[in-house]
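Starting from 1, each residue takes its place in the sequence as its number.
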Amino acid sequence: MSSQTLSAHAELPSRISLAQTARHSLALAGRGVTKFMKSPIQLVDVILTPIISLLMFAYLFGDAMSGGDIDGYLQLITPGVMVMAVFQASVGIGASLSADASTGIFDRFRSMPIARSSPLIGAVLADIVRYVVCLGTLVVLALVMGYRFEAGPVASLAALALLIGFALSFSWLSVFLGMLIKNPASVQGLMTILILPLTFASNVFIPTDSMAGWLQAWSDVNPVSLVSDAVRGLLNGGEVASSLAGSLAWMAGVIAVFFPLALRAYRKNAG
């Protein structure tokens with residue numbers, strides 16, 4: 001292909017409509033889903049991690065944390081572990097894209113008449129498969145362990161949608177790091193460093209009112225705590241409005257900041 005043709009192709013995305021961008025993104029998302037189906041080993045982490053986390057915190061620490069009320073503690077931590085599990089699952093996309101950057105695939109995408117953002121959006125949408133597998137594993141295990149959904153099917157589906165939306169929004173932070181850092185292990189390490197304080201300084205495992213004052217103040221605005229409260233309210237029954245509003249605000253803010261940063265880093269990476 002001549003340099004003139006490549007140049008012409010490179011200019012096409014600036015004139016592509018929003019509908020075309022959506023179509024290109026969905027096509028690339030389908031490509032990503034096909035890769036998962038052909039290589040299910042990529043889903044091992046999102047199956048084993050939630051199993052280990054729920055079993056460990058329920059049976060290893062649950063007796064001490066709950067005062068012997070394992071069933072009550074299971075109702076508390078299951079929604080929180082769901083949040084933690086999908087949050088951790090969002091790490092993978094950044095490491096994967098960082099590895100792809102060294103293969104030249106982005107140069108290939110750049111030469112195609114597709115929207116500049118569609119490779120990243122498609123990759124993020126394909127990751128929904130990982131989140132669904134992760135949550136499905138947790139739901140089955142939690143039911144076997146004795147967890148009971150106290151809300152109706154509509155509220156339960158809303159909780160699962162919120163969890164996937166939370167993972168999708170924070171995955172843009174992982175995508176940004178993946179485009180910025182050309183080392184998959186470093187991306188995974190940095191994301192883990194960010195995730196651990198947010199998770200353990202939250203109400204996932206213990207109620208906020210049992211924390212020290214300064215930690216309680218942080219937990220009250222921590223996105224992991226807010227999403228955990230919203231999911232508990234939806235699954236177990238209870239107040240949802242304030243925690244849901246805070247969750248959506250965090251999700252919108254993260255997308256507003258890291259989506260454009262990720263696209264900028266991608267254009268520079270592919271340039």
Quick check: is L48 connected to V129 through a chain of hydrophobic side chains (ILVMFWY, heavy atoms under 4.5 Å apart)? no

I51 CD1 to I47 CD1 distance, which is reported to the nearest 0.5 Å: 7.0 Å

Does a donor on one side chain and an acceptor on the other come within less than 3.5 Å for S118 and T21? no

Nearest 0.5 Å, what's the CG-CG distance between L135 and L160? 6.0 Å

Residue from W250, Y131, W172, F87 passing ring-ring contact (aromatic ring centres under 6.0 Å, His included) with F166: F87

Residue of the set V86, L138, L141 for which side chain to side chain contact (heavy atoms under 4.5 Å, CB included) holds with P50: L138

Applying the side chain to side chain contact (heavy atoms under 4.5 Å, CB included) test to I195, which of T192, L198, I193, T199 qualifies? T199

Below 6.0 angstrom between ring centroids: does that apply to F57 and Y73? no

Using the rule that Ile, Leu, Val, Met, Phe, Trp and Tyr join whenever any side-chain heavy atoms are under 4.5 Å apart, tell me whether V257 and V221 fall into a single cluster. yes

Closest non-hydrogen atoms of A123 and L97, given as atom of the first, atom of the second and distance, are CB-CD2, 4.1 Å

Taking it one step at a time, do I77 and V204 satisfy side-chain contact (heavy atoms from CB on, under 4.5 Å)? CA-CA 6 Å; I77 67 166; V204 167; 5.7 Å; no

I need the minimum non-hydrogen distance between N183 and A185, along with the two atoms involved. OD1-N, 3.0 Å

Taking the ring centre of each residue, are Y147 and F149 less than 6.0 Å apart? yes

Supply the atom-to-atom distance S243 OG to L234 CG, rounded to the nearest 0.5 angstrom. 7.5 Å

For the backbone of S90 and the side chain of S171, can you confirm whether one donor and one acceptor N or O come within less than 3.5 Å of each other? no

Around atom CG of L60, are there more than 12 heavy atoms from other residues, nucleotides or ligands closer than 6.0 Å? yes

Closest approach of Q188 and A95, non-hydrogen atoms and distance? OE1-CB, 4.5 Å

Using the rule that two of Ile, Leu, Val, Met, Phe, Trp, Tyr join whenever any of their side-chain heavy atoms come within less than 4.5 Å, decide whether L190 and F200 are in one cluster. yes

Return the CE to CG distance between M211 and N203, rounded to the nearest 0.5 Å. 6.0 Å

R116 (side chain) donor-acceptor with R267 (main chain) under 3.5 angstrom: no

Pairwise distance CG(L244) to CG(L226) - rounded to 0.5 angstrom: 10.0 Å

Do you know which two heavy atoms are closest between T137 and V46, and how far apart they sit? OG1-O, 4.4 Å

Where S53 and V81 come nearest, the two heavy atoms and their spacing: CB-CG1, 4.2 Å

Going only through I, L, V, M, F, W and Y residues with side-chain contacts under 4.5 Å, is there a path from V144 to L235? no

Checking D127 side chain against R130 main chain: does a donor-acceptor pair fall under 3.5 Å? no

Short side-chain to backbone donor-acceptor contact, T78 and Q75, under 3.5 Å: no

For S228 and G80 the tightest heavy-atom approach is OG-CA, 3.7 Å

Is it the case that the side chain of E239 and the backbone of S242 share a donor-acceptor pair, with hydrogens and angles ignored and the cut-off at 3.5 Å? yes

Any side-chain heavy atom of L261 sitting closer than 4.5 Å to one from M179? no

Do the side chains of F205 and M56 join up, straight or via other hydrophobic residues, at under 4.5 Å, putting them in one cluster? yes

Point-to-point distance, once rounded to the nearest 0.5 Å, from CG of L177 to CE of M191: 6.5 Å

Side chains of R23 and L26, heavy atoms from C-beta outward: is any pair under 4.5 Å? no

Check: T208 side chain, S219 main-chain N or O, donor-acceptor pair, under 3.5 Å: no

Keeping S202 on the side-chain end and S225 on the backbone end, is there a donor-acceptor pair under 3.5 Å? no

Would you sort out whether R148 and D71 count as a salt bridge (charged side-chain N to carboxylate O under 4.0 Å, His left out), showing the intermediate values? CA-CA 10 Å; R148 292 296 176 262; D71 291 338; over 6 Å; no

Around atom CD of Q88, are there more than 12 heavy atoms from other residues, nucleotides or ligands closer than 6.0 Å? yes

Quick check: do M145 and Y59 have side-chain heavy atoms less than 4.5 Å from each other? yes

